[in-house]
There are 2 protein chains.
Amino acid sequence: MAAEAVETIQREMTSFARRARATAGRMHPELSLVSYTLLAHLEGSDGCRATDLAAHYGLDKSTVSRQVTALERAALIERRVDPDDHRVQLLHLTDPGRRILAQVTESRRTAFQERLEDWPSEDLERFAAYLVRYNGWSAPED
Amino acid sequence: MAAEAVETIQREMTSFARRARATAGRMHPELSLVSYTLLAHLEGSDGCRATDLAAHYGLDKSTVSRQVTALERAALIERRVDPDDHRVQLLHLTDPGRRILAQVTESRRTAFQERLEDWPSEDLERFAAYLVRYNGWSAPED
DNA sequence: ACTCTTGGTTGCATAGTACAACTGGGCGGG
DNA sequence: CCCGCCCAGTTGTACTATGCAACCAAGAGT
């Protein structure tokens, strides 16, 4: 019956969330899950604003502000004042930032690949599709 | 190609982890994700020890100790000294604990059911199977 | 009995977060 | 043109969750 499957999905998602929570801080000496996410977002939309990041990820602007400060101190991003609106800071990846990001992305990719290496590609594609569906299209990059 | 699917799985799992992280604390006024997990574990193995919980979930014993203290203060669990070994505290759900746990479990179940209500049961079962496989049988309750 | 082990608590330190108050730049109506 | 209002971002404060290390107390082995 389907109720059982829902139960399983719930249990497994919870288990995954718990495990992810435990490892989120130590994924990389330089980068927590959140800072990785912010950095990765910048790769896609270079020059976006802190407020955008906050809205996009449902974080408080103060939280983003501090994360951005940390990332800037680590020289992974740069803040440039928007010439059109001096209130705004446009965030840009630096070269070291790009490098670290690529490195972390790669190590994550490897980890996932190892975990999934013996899956038939048909299953991979179906699983991927289910996850996308589960997470919902409404927030494609959330 | 399958690499793309792996990419998608990685992205979606990351997204899910981020979202879960953000809501883990506020899933219920009484119960965070961790305390819910501990409580739920006790339902399965009533009278287990704090150390077991720590080992099982990869948490520090101090963390568990504090969580247990909080759960006891909230009267959701009881600590009884093991008569055979006075160092050990056997943890037991109280009736209110069982009640709250059931309530939270139910509300979570409802949330998942709503999210999955328009999935064909065939898809639910496949998705569930994929998740189980992804999480690995080695740690069925981790 | 003395020591080693083990379950648990407590004192720090840290990360990540929210909320609220504040700062300082823009912008629009009179 | 100026004053009041809005908006981006920062900072102060508090809280939660966590780990590590030091500690305490109770068993176990010699």
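Only a predicted model underlies this, so the values are computations on that prediction, with no experimental measurement involved. Lettering follows sequence order; numbering is per chain, from 1.
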Base, sugar-phosphate, or nothing for B/Val34, non-hydrogen atoms under 4.0 angstrom?
sugar-phosphate
Tell me: [atom1] of [X] to [atom2] of [N], nearest whole Å?
| X | N | atom1 | atom2 | value |
| --- | --- | --- | --- | --- |
| B/Arg21 | D/dT16 | CZ | P | 15 Å |
| A/Asp60 | D/dC7 | CG | C1' | 15 Å |
| A/Leu59 | D/dT10 | CG | P | 15 Å |
| B/Leu53 | C/dT9 | CG | P | 12 Å |
| B/Leu33 | D/dA17 | CG | P | 11 Å |
| A/Leu91 | D/dG9 | CG | C1' | 11 Å |
| B/Leu38 | D/dA17 | CG | C1' | 12 Å |

Do the side chain of B/Arg18 and the main chain of A/Leu33 share a donor and acceptor less than 3.5 angstrom apart?
no
Whether the side chain of B/Arg115 engages the backbone of A/Tyr134 through a donor-acceptor N/O pair (distance < 3.5 Å, no angle test) should be reported.
yes
Assess whether a salt bridge exists between [X] and [Y], defined as any Lys/Arg side-chain N lying under 4.0 Å from an Asp/Glu carboxylate O.
| X | Y | answer |
| --- | --- | --- |
| A/Asp123 | B/Arg133 | yes |
| B/Arg11 | B/Glu7 | no |
| A/Glu43 | A/Arg98 | no |

If you only use heavy atoms from C-beta on, which nucleotide in D/dT18, C/dA18, D/dG9 is closest to the side chain of A/Lys61?
D/dG9
Near DNA chain D, counting only heavy atoms under 4.0 Å, which residues of residues 65-75 of chain A show up?
A/Ser65, A/Arg66
In the structure I gave you, are the side-chain heavy atoms of A/Leu42 and A/Cys48 within less than 4.5 Å of one another anywhere?
yes
For [N], does either OP1 or OP2 sit under 4.0 Å from a side-chain N or O belonging to [X]?
| X | N | result |
| --- | --- | --- |
| A/Thr51 | D/dG9 | yes |
| B/Arg87 | C/dG8 | no |
| B/His86 | D/dA25 | no |
| A/Ser62 | D/dG9 | no |
| B/Arg18 | C/dT17 | no |

Return the orientation label for the B/His41 and B/Tyr57 ring planes: parallel under 30°, perpendicular over 60°, tilted otherwise.
perpendicular
Sorted by position of nearest nucleotide on DNA chain C, 5' first, the leading residue of A/Asp85 and B/Gln89 is B/Gln89
